[in-house]
Amino acid sequence: MGIGATLASITAQLLPGDRLVVIADNCNDDTAMVAHLCGAEVAVRADPDRRGKGYALAFGIRHLHGAPPEVVIVVDADCLLAPSALDLLARACAASGRPVQAQYLMFASDKSTAAKRVAEFAWTVKNALRPLGALRLGQGCQLTGSGMALPWRLARVAPLDTPYIVEDLKLGLDLALLGAVPLFCPRAVVTSVFPDNAAGSAVQRTRWEHGHLGLIAAYGPKLAAHGLLRRDLAQVTLALDLCVPPVSLLLMLTLAGGAAGLVGAKASGEALPWALAAIPPAALCAVLILTWHKCGRDILPSRQLGHVLVYAVMKIPLYLRFLIRRQVAWLGAARDK
């Protein structure tokens with residue numbers, strides 16, 4: 001899927017007075033030409049020393065300063081918008097005066113491996129089920145990048161000019177600290193497809209997970225303390241949501257805790273260490289099964305549920321690299337031809 005398909009899904013929803021701007025950021029392909037032929041306004045940025053989506057977004061906001069819109073909606077160039085998504089996002093953002101995040105889903109292609117289907121299931125839990133639960137509790141959500149709407153008053157002051165590798169998540173946390181916790185808009189749907197390109201998948205996965213883990217330490221305690229001091233439940237719950245590690249890591253940590261309890265029981269001759277340590281993995285496994293029953297049966301057949309553990313084990317090197325050689329530079333993921 002190329003940028004042409006993305007722009008077609010956007011232009012079909014534009015209303016009179018709307019403005020479609022494509023940021024051709026350090027491109028060495030025909031992105032600018034294709035965008036121009038699709039009727040978009042193109043802003044070209046060439047700065048090989050400052051790479052990353054954060055820099056591109058900051059450049060785009062500066063481009064809009066002369067005639068600022070009421071709402072800025074960000075869509076990645078490999079995504080498609082479901083019907084009415086733009087209108088739903090714009091209205092929710094204008095009415096609330098807060099950032100709004102669409103339901104951003106990623107799918108495994110038909111030829112994808114079982115591991116990709118596990119990744120799709122995990123993505124659905126994180127980007128659809130969890131924020132929907134928070135919404136029903138009257139709480140906010142994380143910004144996940146594509147399909148995010150910002151009121152201009154926040155967009156123009158947002159700390160976008162950064163090389164951070166998960167700039168979208170960081171942006172949502174920065175705005176939450178300013179008192180504008182993002183809102184979830186599940187009726188506005190944005191979709192994309194995981195790359196089958198192995199190198200592209202590895203870069204994408206490392207960027208997301210190393211960036212998330214880095215932000216847990218940098219923003220989790222700060223946002224929680226900020227919310228407690230101001231009695232802002234939305235900030236506190238967002239901090240707690242942030243501190244939930246990626247599902248694979250969470251599964252490994254809880255299973256490791258259970259194994260440690262078993263060792264303690266063997267060494268001490270007492271069953272209590274094992275009984276206590278078995279509670280978290282048992283609870284997590286029960287939650288995962290219930291979650292799969294709710295939103296994963298169409299994604300991951302029951303015969304492939306065992307791949308969840310295999311997928312988690314395969315990611316051990318990724319988490320070890322976070323400890324010894326963390327990815328800090330923004331790298332774009334190679335897409336399929």
Side-chain angles (χ1 to χ4, degrees), residues 1-14 18-69 71-82 85-86 89 102 104-107 109 143-150 155 158 160-169 171 188-208 211 327 329-337:
M1 179 174 62
I3 191 172
T6 301
L7 294 177
S9 75
I10 294 173
T11 53
Q13 302 182 36
L14 294 177
D18 289 346
R19 188 176 175 187
L20 174 59
V21 179
V22 170
I23 309 303
D25 184 61
N26 287 305
C27 293
N28 56 9
D29 55 17
D30 58 356
T31 294
M33 181 186 70
V34 172
H36 179 73
L37 292 175
C38 289
E41 177 182 342
V42 181
V44 177
R45 176 180 176 271
D47 187 348
D49 294 328
R50 287 160 36 103
R51 292 182 176 274
K53 184 177 173 182
Y55 291 127
L57 289 176
F59 179 81
I61 295 300
R62 289 193 294 270
H63 180 81
L64 295 173
H65 262 286
V71 172
V72 178
I73 298 176
V74 179
V75 180
D76 286 353
D78 58 352
C79 295
L80 297 177
L81 271 67
L86 278 185
L89 286 171
Y104 175 27
L105 302 174
M106 291 193 72
F107 302 117
S109 66
L143 288 182
T144 54
S146 197
M148 59 183 187
L150 305 174
L160 294 168
D161 220 344
T162 170
Y164 206 83
I165 56 177
V166 281
E167 66 296 313
D168 310 313
L169 176 55
L171 172 62
V189 179
V190 178
T191 61
S192 187
V193 178
F194 287 111
D196 285 313
N197 179 295
S201 294
V203 168
Q204 196 176 61
R205 186 165 55 248
T206 301
R207 184 174 74 230
W208 289 336
Q327 180 175 320
W330 196 97
L331 296 174
R335 304 300 298 185
D336 304 321
K337 296 296 184 183

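Bear in mind that the values here come from a model prediction, so they are computed numbers and not experimental data.
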Which atoms form the tightest heavy-atom contact between [X] and [Y], and what is the distance?
| X | Y | value |
| --- | --- | --- |
| C38 | L7 | CB-CD1, 3.7 Å |
| I23 | G60 | CD1-CA, 3.6 Å |
| V44 | F59 | O-CZ, 3.4 Å |
| D168 | T144 | CB-C, 4.0 Å |
| C79 | T6 | O-OG1, 2.8 Å |
| D25 | G52 | OD2-O, 4.0 Å |

Set of side-chain hydrogen bond (donor to acceptor under 3.5 Å, both in side chains) partners for [X], sequence neighbours left out:
| X | result |
| --- | --- |
| D29 | T31 |
| S9 | none |
| N26 | none |
| E41 | R19, H63 |

Starting from the C-alpha separation in whole Å, work towards a yes-or-no answer on side-chain contact (heavy atoms from CB on, under 4.5 Å) for K53 and L171.
CA-CA 11 Å; K53 184 177 173 182; L171 172 62; over 6 Å; no

Heavy-atom distance under 4.5 Å between the side chains of I61 and H65, does that happen here?
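Contact flag for I61/H65 side chains = yes.
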
Nearest 0.5 angstrom please: [X] [atom1] to [Y] [atom2], how far?
| X | Y | atom1 | atom2 | result |
| --- | --- | --- | --- | --- |
| R45 | L57 | CZ | CG | 10.0 Å |
| L81 | L89 | CG | CG | 7.5 Å |
| D18 | I73 | CG | CD1 | 8.0 Å |

For residues 56-69, which residue pairs qualify under salt bridge (Lys or Arg N to Asp or Glu O under 4.0 Å), counting only residues two or more places apart or in two chains?
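For residues 56-69, and leaving out neighbouring residues, the salt bridge (Lys or Arg N to Asp or Glu O under 4.0 Å) pairs sorted by first residue read R62-D161.
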
Could I get the full list of side-chain contact (heavy atoms from CB on, under 4.5 Å) partners for N28, not counting sequence neighbours?
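Expected list: none.
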
Short question: side chain of E167, backbone of Y55 - any donor-acceptor pair under 3.5 Å?
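No: the side chain of E167 does not pair with the backbone of Y55.
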
Under 3.5 Å, side chain of T162 to main-chain N/O of G54, donor-acceptor pair present?
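Side chain of T162 to backbone of G54, a donor-acceptor pair under 3.5 Å: no, none is there.
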
